[in-house]
Amino acid sequence: MAYTETELALIVTTLDRLRTQRLPRALDIKKKVDAGGTLDEFDINFLKEIFEDSSFRRAAVHTHPEFQEIVARITHLYHEITERALANEQARAGGADNS
């Protein structure tokens, strides 16, 4: 598929941000929640920002289906993080009630 200069610049910028900022931060948060941790304010704000960008990701996949797999994997990672963080919060709340 041929890309316009603008599309190519947006794709490169988005993938670079994913590689250098978003993915490393998401993996750090995943380690934290996998170890039983909960989300702090910075984690929550980061995830909110990611979810706000989800409309862009859906549009990108619609326009460029070749990115479907990477978007699906990233979306799944964010889902795993939030699911695990919620379970950790619920476990802590349950533990607090039993004290």
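All residue numbers in this chain count up from 1 along the given sequence. All values below were derived from every heavy atom in this structure, side-chain atoms included, with hydrogens, water molecules and symmetry-related copies excluded. It should be emphasised that the depicted structure is a prediction, and the values quoted were computed from it without experimental measurement.
No side-chain donor-acceptor contact under 3.5 Å links N88 to the backbone of T38. Between the side chain of D43 and the backbone N or O of D40, at least one donor-acceptor pair lies under 3.5 Å.
No more than 12 heavy atoms of other residues, nucleotides or ligands sit less than 6.0 Å from atom CD of Q68.
In this structure, CD1 on I44 lies 8.0 Å from CG on L47, to the nearest 0.5 angstrom. To the nearest 0.5 Å, atoms OG1 (T20) and CG (L15) are separated by 10.5 Å. Remark: H76 NE2 to R73 CZ distance equals 10.0 Å, nearest 0.5 Å. Here OG1 of T14 is found 10.5 Å from CD1 of I70. Values are rounded to the nearest 0.5 Å.
Evaluation of the side chain to side chain contact (heavy atoms under 4.5 Å, CB included) rule for A85 yields V33, L39 as partners, not counting sequence neighbours. Residues satisfying the side chain to side chain contact (heavy atoms under 4.5 Å, CB included) criterion with L27, sequence neighbours excluded, are L23, L77. Applying the side chain to side chain contact (heavy atoms under 4.5 Å, CB included) criterion to T6, with sequence neighbours excluded, gives T4.
A salt bridge between D16 and R19 is present, with a side-chain N of the basic residue lying under 4.0 Å from a carboxylate O of the acidic one.
Annotation: side chain of K30 is not in contact with side chain of R84 (no heavy-atom distance under 4.5 Å).
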